[in-house]
Amino acid sequence: MLVAVGLYFGLRNVVGSGEIGWICVLAAFPFSLCGFFTYNGMTFEKFLLAVIRSELLYPRKLVFRAENLYAQAMEHSTVKEALRLD
């Protein structure tokens with residue numbers, strides 16, 4: 001709503017009254033859709049806050065460590081093979 005009001009007062013001397021109504025409606029449309037948004041039970045505001053926290057404020061440092069699953073499985077086996085575990 002604030003977007004539409006701001007556009008109205010900003011463009012009322014530039015654009016005619018019919019066109020400014022459509023501009024205000026189209027500018028407010030994406031913000032009105034946020035009222036119907038839900039993701040895992042979160043409203044749009046909670047979802048946006050969770051995304052900002054997880055992606056911007058507290059990013060995770062992912063470390064890749066290779067695992068030799070075959071060597072771990074054969075570690076306690078009766079089959080004798082030359083296994084090298086690092």
Side-chain angles (χ1 to χ4, degrees):
M1 183 168 146
L2 293 175
V3 172
V5 171
L7 278 174
Y8 175 77
F9 285 115
L11 296 176
R12 67 180 173 182
N13 295 329
V14 179
V15 183
S17 62
E19 291 83 14
I20 199 164
W22 280 105
I23 292 171
C24 290
V25 168
L26 291 175
F29 181 70
F31 297 101
S32 63
L33 285 180
C34 293
F36 298 102
F37 179 85
T38 56
Y39 182 77
N40 287 342
M42 293 185 286
T43 61
F44 180 75
E45 294 85 7
K46 290 181 182 178
F47 173 75
L48 188 63
L49 186 60
V51 168
I52 289 172
R53 282 182 183 160
S54 66
E55 299 298 325
L56 299 176
L57 297 179
Y58 307 115
R60 296 179 297 180
K61 181 179 179 185
L62 300 177
V63 178
F64 175 76
R65 292 190 183 118
E67 295 180 6
N68 190 348
L69 296 177
Y70 178 74
Q72 290 175 359
M74 295 302 289
E75 190 175 66
H76 302 290
S77 174
T78 59
V79 179
K80 299 296 180 187
E81 291 183 8
L83 294 177
R84 200 177 101 202
L85 295 175
D86 294 323

Mind checking what makes side chain to side chain donor-acceptor pair (under 3.5 Å) contact with Thr43, not counting sequence neighbours?
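Side chain to side chain donor-acceptor pair (under 3.5 Å) list for Thr43, sorted by chain: Glu45.
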Hydrophobic clusters here meaning ILVMFWY residues chained together by side-chain heavy-atom distances under 4.5 Å, can you tell me if Phe44 and Phe31 are in one?
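No: no chain of side-chain contacts under 4.5 Å links Phe44 to Phe31.
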Is it the case that one hydrophobic cluster holds both Met42 and Phe37, taking links as side-chain heavy atoms less than 4.5 Å apart, direct or via other members?
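Both belong to a single hydrophobic cluster.
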Can you name the ring pair (Phe, Tyr, Trp, His ring centres under 6.0 Å) partners of Phe29, sequence neighbours left out?
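Testing Phe29 for ring pair (Phe, Tyr, Trp, His ring centres under 6.0 Å), a comparison that skips the adjacent residues, returns none.
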Applying ring pair (Phe, Tyr, Trp, His ring centres under 6.0 Å), can you list everything that pairs with Tyr39, at least two apart in sequence or on another chain?
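Listed in chain order: Phe47.
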For Ala28, which residues count as a side-chain contact (heavy atoms from CB on, under 4.5 Å) partner, sequence neighbours excluded?
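Checked Ala28 against side-chain contact (heavy atoms from CB on, under 4.5 Å); matches are Ala4.
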Using the side-chain contact (heavy atoms from CB on, under 4.5 Å) criterion, which residues pair with Ile52? Sequence neighbours excluded.
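Ile52: side-chain contact (heavy atoms from CB on, under 4.5 Å) contacts with Leu48, Leu56, Leu57.
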Please table the atom pairs, donor to acceptor, closer than 3.5 Å between any side-chain atom in residues 8-20 and protein atoms at least two apart or in another chain.
none

